Amino acid sequence: MTSPDRLDAGSPYPLGAMFDGEGINFAVFSAHATKMELCVFDPAGRREAKRYAMPEWTDEVWHGYLPDAGPGLVYGYRATGPYEPEQGHRFNPNKLLLDPYARKLAGQIRWTDALSGYQVNSRRGDLSFDRRDSAPAMPKAVVVDDHFDWSQDRRPHTPWAETVVYEAHVKGLTRLFELVPPRERGTFAALGHPRVIDHLKRLGITALELMPIHAFAQDRFLAEKGLRNYWGYNTLSYFAPEPSYMSGDSQDELRRAVRRLHRAGIEVILDVVYNHTCEGSEQGPTLSWRGLDNASYYRLVKDQPRYCINDTGTGNTLNTDKSRVVQMIADSLRYWATSFGVDGFRFDLGLALGRTETGFDPGHAFFDVLRQDPVLNQLKLSAEPWDIGPGGYQLGNFPPGFAEWNDRYRDTVRRYWRGDASQRGELAARLSGSSDLFEHRARRPWASVNLLDAHDGFTLADTVAYEQRHNEANKEDNRDGASDNCSRNWGVEGATDDPAILAQRGRVSRSMLLTLFASLGTPMIVAGDEFGRSQGGNNNAYCQDDAISWVDWSLAGAEPGRSLLAFTSHLIALRRHHEVLRSTRFLHGEDAPGSGVDDVEWWDERGQKLSAQDWNNPDGRALVMRRALKLADGTVEVISLLLNAASDPLTFTLPAPGEHRRLLADSARPEVRDERIGDTYEMAPQGAALVLWTLDVTS
């Protein structure tokens, strides 16, 4: 094919590089560039074969059309404009720029000072100008044809109230799973492997939440220390899957995995990082957005636009006050939902997306765009409701339609089970769906994503085995990661052979899991928690792409991991089978079932309702939460959650009325499945149990 000398005018919509069957339309936003050039490379991405000036600029979008070009074409951009860092402008045409809408990448970043728009060692710092060509060190964009047959796919559309989330890392989940072919381990392909899906179905989860799979950059400072960015919260492209997670060259392996998970009734949720990019602060590299239009894409200090606002702790914050930035995010979300069949998104540092110059705004245009979009408003949307900026904690303040990670739930449950004083009242609020935080604007209990742990922090097993972080492998002198983990080691720091300590740790872990699945809200567990995965006390394993982070599947086949897996599966099954455990509405202590039994009641171990004095008793360690729900057949299902965080056994008198009570689960006797009990029940120290009975009010 002979390349034309110039581009045709093309169209400003859609943004990105779109193949129409006869050629490719290129469109890229920049409000302040004075010239935009398209650079076409050889298939290997090593040699720039042709450079074209973009012929048109419409509505601040540069565009052009390359006839007779097709999928596989490798390209990048160069933007010319003012280099005035003190005014927020950092254009440098010597720097090759990745298309923000790139759907596939060729090559990787090769760290060199030439990637910076300024001379790194200059006395003028980022006010200086670097004239070296960055193309040899840059990944390039690749034009793709996204056609895939979704006609036979059926999304599970699991209601929020019935959802159980399983957070996992694409590589870490299957890297050590020997039942998956070696070539597929740690890749998208493995997510759809029958043995992986069998495990997820046996466990009973309904949604697989994947840590970031957008293509991300390996941090230079980690590479220089011989470490890697494992978690992936360092986005390089919002439209391209991370290349290292593919077993081959086709992105369809991710689509096939999603389709197979859907067939098994499992939704796929993506953890997405739209709050910042991998370009870092004003002293970071020029890879894409910074070189295309720094003043539009990033929040800059109002009176000193040379500097980025760092509400995210990563050096920069995307500026969602700009319509084109919101468009990029919405286009990205819609692309993953339609082209890859994704069922929902969890927004990392989601508060940053709703920021204005005056602080967080739940009515921000970003939220409005998602809530009115006919594709996105049908998906599961959840957020991490904090960042490090002013007023950076907004738990419960997101708009309707969003669920939120509830760290108060996590910390309260951990503190209660390690034996802290004065936890009854706070625990009751968390068990009942955190209505004090979420019951407004017609929100429901599912808005509280209840978690015991997450990717950042101790695993569940480490929460009961370590009291101090052990992050030496991160090479930051053990200064990184949270210092307060609300954890307890129960006698020995870390691994031990002491059978008494191991038994106690196991019982506390099971009690925490039982608490989680008996609480109102959306439960979430982390991959490997179901059989006791440990990170050796590392509570910030973001840079550990090794056995510290990878799921050790051998734990599932041996004790005590095998029994913990069975117990966790049993708890999830109970939640699925008993609607009273997953109420769709907040409970207020009312006789809603019409049976003389309130929808929620609180008791102590003596079978007495808690008085104000009891609630405020700092030494009160026992609590009974009784819930009731009228079923479609007219019977009332009543379930009691018995909790004993004391260091001694307690005999619980179960509140009347109650006949034919059945013990569904006991963390001290994990083998129990359905056992008849009487009016009293002895609870082990640090023990939790579920008791069920039904009341016939049809006569």
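Numbers here simply count residues along the sequence, with the first being 1. What you see is a predicted model, and the numbers here were worked out from it, not measured in a lab.
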Asks: Residues in ring-ring contact (aromatic ring centres under 6.0 Å, His included) with Phe148, at least two apart?
Replies: Trp150

Asks: Would you call the rings of Tyr245 and His169 parallel, tilted or perpendicular, taking 30° and 60° as the class edges?
Replies: perpendicular

Asks: Report yes if the side chains of His364 and Leu353 come closer than 4.5 Å at any heavy-atom pair, otherwise no.
Replies: no

Asks: Can you tell me if CZ on Arg183 sees more than 12 non-hydrogen neighbours from other groups inside 6.0 Å?
Replies: no

Asks: Any side-chain heavy-atom pair from Leu191 and Val268 closer than 4.5 angstrom?
Replies: no

Asks: Supply the atom-to-atom distance Leu98 CG to Leu236 CG, rounded to the nearest 0.5 angstrom.
Replies: 5.5 Å

Asks: By the definition ring pair (Phe, Tyr, Trp, His ring centres under 6.0 Å), identify the one residue from Tyr230, Tyr542, Tyr233 that meets it with His455.
Replies: Tyr233

Asks: How close do Arg185 and Thr174 get, counting heavy atoms only, and between which atoms?
Replies: CB-O, 3.3 Å

Asks: Tell me whether the rings of Phe402 and Phe398 are parallel (<30°), tilted (30 to 60°) or perpendicular (>60°).
Replies: tilted

Asks: Taking atom CD of Glu86 as the centre, report whether more than 12 heavy atoms of other residues, nucleotides or ligands fall under 6.0 Å from it.
Replies: no

Asks: Closest approach of Lys50 and Pro4, non-hydrogen atoms and distance?
Replies: CE-O, 3.4 Å

Asks: Under a 4.5 Å cut-off applied to non-hydrogen side-chain atoms, are Ser296 and Phe29 in contact?
Replies: yes

Asks: Hey, is the main chain of His276 close enough, under 3.5 Å, to the side chain of Thr317 for a donor-acceptor pair?
Replies: no

Asks: Would you call Glu60 and Lys322 a salt bridge, taking side-chain N to carboxylate O under 4.0 Å as the test?
Replies: no

Asks: Spell out, as yes or no, whether a donor-acceptor pair under 3.5 Å connects the side chain of Lys95 to the backbone of Ser116.
Replies: yes

Asks: For Arg175, is there an ion pair with Asp545 - N to carboxylate O distance below 4.0 angstrom?
Replies: no

Asks: If you measure from SG on Cys278 to CD1 on Ile109, what distance do you get to the nearest 0.5 Å?
Replies: 5.0 Å

Asks: Just so I know, are the side chains of Thr286 and Arg90 near enough to count as touching, which here means a heavy-atom distance under 4.5 Å?
Replies: no

Asks: Is there a donor-acceptor pair closer than 3.5 Å between any side-chain N or O of Asp546 and the backbone N or O of Ile548?
Replies: yes

Asks: Is the count of non-hydrogen atoms from other residues, nucleotides or ligands lying under 6.0 Å from Gln108 atom CD greater than 12?
Replies: no

Asks: Is there a donor-acceptor pair closer than 3.5 Å between any side-chain N or O of Glu167 and the backbone N or O of Val526?
Replies: no

Asks: Backbone N or O of Ala482 within a donor-acceptor pair of the Asn539 side chain at under 3.5 Å?
Replies: yes

Asks: Salt bridge or not for Asp249 and Lys104, using N-O below 4.0 Å?
Replies: yes

Asks: About how many Å separate CG of Leu318 and CD1 of Ile309, when rounded to the nearest 0.5 Å?
Replies: 12.0 Å

Asks: With sequence neighbours left out, what residues match Phe91 under ring-ring contact (aromatic ring centres under 6.0 Å, His included)?
Replies: none

Asks: Could you tell me whether a side-chain N or O of Asn310 sits under 3.5 Å from a main-chain N or O of Thr314, the two making a donor and an acceptor?
Replies: yes

Asks: With a 6.0 Å cut-off on ring centres, are Tyr274 and Tyr238 close enough?
Replies: yes

Asks: Do Lys475 side-chain atoms and Lys225 backbone N/O form a donor-acceptor pair below 3.5 Å?
Replies: yes

Asks: Check Ala207 against Ile269 and note the closest heavy-atom contact, atom names and distance.
Replies: CB-CD1, 3.9 Å

Asks: Can you give me the closest heavy-atom contact between Pro100 and Val28, atom names plus distance?
Replies: CD-CG2, 4.3 Å

Asks: Are there over 12 heavy-atom neighbours, none belonging to Glu224, within less than 6.0 Å of that residue's CD?
Replies: yes

Asks: Side-chain contact, heavy-atom cut-off 4.5 Å: Leu349 with Trp386?
Replies: yes

Asks: Counting only heavy atoms not in Tyr13, do more than 12 sit closer than 6.0 Å to its OH atom?
Replies: no

Asks: Would you say CZ of Arg51 has more than 12 non-hydrogen atoms from neighbouring residues, nucleotides or ligands within 6.0 angstrom?
Replies: yes

Asks: Is it true that Asn538 and Asn474 share a donor-acceptor pair across their side chains at a distance under 3.5 Å?
Replies: yes

Asks: Do NZ/NE/NH1/NH2 and the carboxylate oxygens of Arg355 and Asp387 come within less than 4.0 Å?
Replies: yes

Asks: Using a 4.5 Å cut-off on heavy atoms from C-beta on, say whether the side chain of Asp368 contacts that of Leu370.
Replies: no

Asks: Would you say the side chain of Leu254 lies within less than 4.5 Å of the side chain of Ile213, judging by non-hydrogen atoms?
Replies: yes

Asks: Between Phe26 and Tyr75, is the ring centroid distance below 6.0 Å?
Replies: yes

Asks: Go through Ser483 and Arg469 one step at a time and tell me if the side chain to side chain contact (heavy atoms under 4.5 Å, CB included) criterion holds.
Replies: CA-CA 7 Å; Ser483 57; Arg469 63 190 176 203; 3.8 Å; yes

Asks: Can any side-chain N or O of Asn25 pair as donor or acceptor with the backbone N or O of Gly10 at less than 3.5 Å?
Replies: no

Asks: Could you tell me whether the side chains of Glu279 and Tyr297 share a donor-acceptor contact shorter than 3.5 Å?
Replies: no

Asks: Under 6.0 Å from the CD atom of Gln372, do we count more than 12 heavy atoms belonging to anything else shown?
Replies: yes

Asks: Ignoring hydrogens and geometry beyond distance, is a side-chain donor-acceptor pair present between Asn471 and Asn540 at under 3.5 Å?
Replies: no

Asks: Does a salt bridge link Asp348 with Arg346, judged by any charged N lying under 4.0 Å from a carboxylate O?
Replies: yes

Asks: Using atom types as modelled and distance alone, determine if a side-chain donor or acceptor of Ser134 lies under 3.5 Å from a backbone N or O of Leu96.
Replies: yes

Asks: Determine the interplanar angle of the Phe345 and Phe347 rings, folded into 0 to 90°, and report it as parallel if under 30°, tilted if 30 to 60°, perpendicular if over 60°.
Replies: tilted

Asks: Looking at Phe340, is Arg255 sitting on its ring face, NZ or CZ under 6.0 Å from the six-membered ring centre and within 45 degrees of the normal?
Replies: yes

Asks: Could you label the plane-to-plane angle of the Phe367 and Phe360 rings as parallel, tilted or perpendicular, counting under 30° as parallel and over 60° as perpendicular?
Replies: perpendicular

Asks: Once you round to the nearest 0.5 Å, how far does CG of Leu66 lie from CZ of Phe19?
Replies: 11.0 Å

Asks: Within a strict 4.5 Å, meaning less than it, do heavy atoms of the Pro14 and Tyr101 side chains meet?
Replies: no

Asks: State whether Asp321 and Arg299 are salt-bridged, where the test is any N-O pair (Lys NZ or Arg NE/NH1/NH2 against Asp/Glu carboxylate O) under 4.0 Å.
Replies: yes

Asks: Taking ring-ring contact (aromatic ring centres under 6.0 Å, His included) as the test, write out the residues that go with Trp57, two or more places apart.
Replies: Trp62

Asks: Between Glu253 and Ala189, which heavy-atom pair has the shortest distance, and what is it?
Replies: OE2-N, 3.0 Å

Asks: Considering non-hydrogen atoms only, spot the tightest contact between Ala352 and Thr312 and give its length.
Replies: CB-CG2, 4.3 Å

Asks: Is it true that Glu242 and Ser244 share a donor-acceptor pair across their side chains at a distance under 3.5 Å?
Replies: yes

